[in-house]
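Chain identifiers are assigned alphabetically (A, B, ...) following the order of the sequence lines, protein sequences preceding nucleic acid strands; residue numbering begins at 1 within each chain. Quick note: numbers below take in every heavy atom, side chains included, and nothing from hydrogens, waters or symmetry partners.
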Amino acid sequence: MTLATNNKTANSQLPTEDSVIPAHSLDKEELLASDDLGLSSDVKSLPRVKLLLARLQVFDFFRKTTLLLTKRPFKLMTRAPDEAAVLSISLQVITQHSYSERGAVTVSAQYYTLFGRELIADSNDHTHNLFADPADNTVDQPCYFISPKGAFWIRLTMSRNTTERRIAVHGSLRPKPYRAEPVIPFEEALVSRDDVQLRLQLDAAFAFSDRVKAKQLLARLIFLWRKPEDEQTLKIITDIDELILRPCSAHNIKLQKTDMAFDYAQLMLPPYGGCYPLSKWLMVEAQRLNAALTADTLNVPDGPYFSLRLMAAAFAGAVLAHEIDAEKVTDIPWGTADEVRAYTGYFKT
Amino acid sequence: MKHPVMRSFEESCIDAQLALHAAGVADADARILGFYPQVQRNPFQDMLYTAGLDQGFACFPVRSQDEVVQTFDDTPLYVHYHWVHRAFDGAEDRSEASNAAKQFLATIDAQKEAGIQTIWTVHNLISHESRFPEEEIELRAGLSARADHVHIMNPATREVCAQYYPIESKKVFMVPHPSYRGVYGDFMSRRQARFKLGISPSEKVLLLFGSMGPQKGTNQLLDELSAIEAAVGERLRVFITGAPAHAAYMEEVYERVAKNPMVTLLDSHIDDQLVPILFRAVDVAVCPYDVGLNSGVAATAATFGCPSVVPDILVPAMSGAEAGVIGFNPKDRSSIGQAVMRALEAGDNATTPSALAKWAEVNQPHVISQAFFRALRDRS
């Protein structure tokens with residue numbers, strides 16, 4: 001069942017049959033050439049019969065359509081498909097500008113119980129700012145929403161954030177249950193505005209410590225949404241790149257066998273968790289290691305955080321007192337075991 | 001800066017260690033201090049912590065109270081609480097507020113158990129924006145009982161607060177509110193500033209500065225303006241500047257302002273560039289609060305050589321600036337007229353600017369910050 005409103009009130013009032021939908025079918029090309037179109041003539045009231053049929057779910061009138069956004073936000077109340085379901089809509093946004101406009105349209109979701117009480121969603125990700133593109137260069141822009149527990153109704157609000165030019169949205173306006181889409185090729189994801197696809201690719205890049213791909217994906221995500229967490233991840237990866245580029249292989253003496261070595265069996269700091277640049281952690285760990293050293297050489301036994309201890313020892317410029325087993329070195333966040341081995345300079349190449 | 005720096009607590013602690021090391025602080029002397037909540041538009045926290053690294057303290061804001069956990073066993077960690085009414089953010093009724101207070105205190109208990117020391121700066125008896133006064137008193141009483149160190153800026157703090165919540169004397173250390181010397185620019189002459197704001201040379205002008213709200217006394221002062229003018233013996237212009245309060249309160253402000261062409265309202269956050277211009281241009285800054293222990297407005301006014309009118313309980317907090325800080329009795333609002341008259345006279349007295357300048361010099365942020373950290377270290 002799908003209902004449309006452009007009710008001004010933002011509270012929990014459910015829509016009435018008097019609701020009006022400011023919808024108008026436009027070709028993209030028509031929109032391009034619509035400088036002289038009068039706004040009022042574009043707004044059509046929804047016939048009561050159609051509304052009734054829609055409520056009875058006789059048909060879904062929100063097949064793909066092009067909707068000219070007026071000053072007043074367009075609001076659409078519809079039944080939320082399932083509790084805690086992920087919903088999605090995919091829209092193209094069209095502008096008369098000759099270039100893409102960032103944040104030209106905002107799509108946001110509110111959730112209500114069966115009886116109209118508004119539910120506060122846990123996450124803040126219920127607002128999407130969409131780009132508007134020239135009519136000959138539009139792309140799909142999927143928006144995802146997670147409806148909170150107990151949600152029966154979802155109300156989508158689409159508002160234009162610019163008054164300079166005409167803006168229209170094109171697509172099916174009713175949110176649908178999200179079904180996992182096949183992962184699209186990397187190159188395709190890289191130019192899309194699909195957050196889910198980009199992050200699926202990012203997950204894959206993380207699994208393989210593929211920093212090259214990850215940096216490309218993050219650059220795209222940052223360009224699109226400017227989320228601080230993405231910027232932080234890019235910083236972390238770039239930091240690893242810098243570390244790997246400057247390995248600690250310059251030690252003149254890598255091994256000096258002795259029984260009087262300092263036993264570096266435990267980290268001085270809490271273990272590095274990958275949520276900030278590794279070089280910072282290494283600096284402090286190395287400072288503490290140097291302050292704690294009671295001998296000229298170091299014994300780094302196997303055990304927890306072996307890779308991190310080796311890296312810190314190398315960062316501190318420590319000389320080892322015994323051979324170490326290269327096979328015990330493991331991956332670190334965004335870095336492979338091979339890179340760790342190369343970084344420390346303790347292994348013969 | 002694209003957006004405020006967002007560092008996790010863990011990363012901030014690592015950065016703190018690096019900064020302390022770079023500052024040459026010995027490991028044994030190093031301290032980490034996380035403060036909560038951070039206020040972005042008020043420079044007070046930056047002023048208070050400005051000498052931190054010099055004194056062996058790396059200070060940084062924490063995003064949430066429960067983010068603070070013991071990270072380095074060997075570096076003493078402090079959590080410094082400021083405007084604690086933020087604990088009620090998100091609470092919709094008294095029951096939720098009470099639960100929020102309990103949760104807030106439980107978090108402090110857990111932090112103390114982990115060896116984290118608690119500091120509390122008592123800015124006010126109760127917050128200006130308090131939505132849940134009883135619950136806030138309950139929270140403050142709990143915090144007072146738990147805090148290891150209580151920083152006060154007004155010697156009367158314990159006495160004033162005692163009617164609502166006790167503060168143990170052994171926990172208290174007094175370091176006054178800093179002046180704003182060096183915080184804002186000061187490039188415009190008084191004459192030029194008045195011309196810019198459309199104030200004629202002979203007009204007497206009062207300034208109400210800072211965010212508005214019921215407890216800031218904006219509407220009360222507007223209602224009292226005729227009586228104040230009668231006491232002073234001339235018409236007064238009034239500038240009301242600062243971030244607006246909630247809509248219903250602001251409607252009352254708008255209604256009053258609309259009736260009086262001598263009142264100018266700038267109801268938005270005041271840009272730093274405008275701050276010195278305002279304080280240089282006006283004759284007296286008025287803080288018509290019913291309650292208050294400290295006033296950044298009076299300190300700002302004194303920094304620019306501008307006399308101020310404050311609740312009389314605030315005068316001892318500005319020790320050394322008494323020549324230009326005039327008290328009124330909030331229980332006898334008619335006293336505000338006499339106080340304004342005395343403040344105007346003080347402004348005409350040639351010795352007042354130099355007395356205020358001396359106070360601003362003695363209490364400049366770096367000096368106060370050093371005193372704060374020395375006191376804290378002496379107590380630890």
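Within a 6.0 Å sphere centred on CD of Q273(B), heavy atoms belonging to other residues, nucleotides or ligands number 12 at most. More than 12 heavy atoms of other residues, nucleotides or ligands lie within 6.0 Å of CG in N290(A), so this atom counts as buried by the packing criterion. The 12-atom threshold is exceeded at OH of Y249(B), counting heavy atoms of other residues, nucleotides or ligands nearer than 6.0 Å.
Neither the backbone nor the side chain of S12(B) comes within contact range of chain A; no heavy atom of the residue lies under 4.5 Å from a heavy atom of that chain.
Considering every non-hydrogen atom in both Y276(A) and I14(B), the closest pair reads OH-CG1, 3.2 Å. In terms of heavy-atom proximity, C275(A) sits nearest to E10(B) at SG-OE1, 3.8 Å. The shortest heavy-atom contact between Q17(B) and Q287(A) is O-OE1, 4.4 Å.
By the 4.5 Å heavy-atom criterion applied to side chains, M283(A) and H21(B) are not counted as neighbours.
Note that CZ of R288(A) and OG1 of T75(B) are 4.5 Å apart. Values are rounded to the nearest 0.5 Å.
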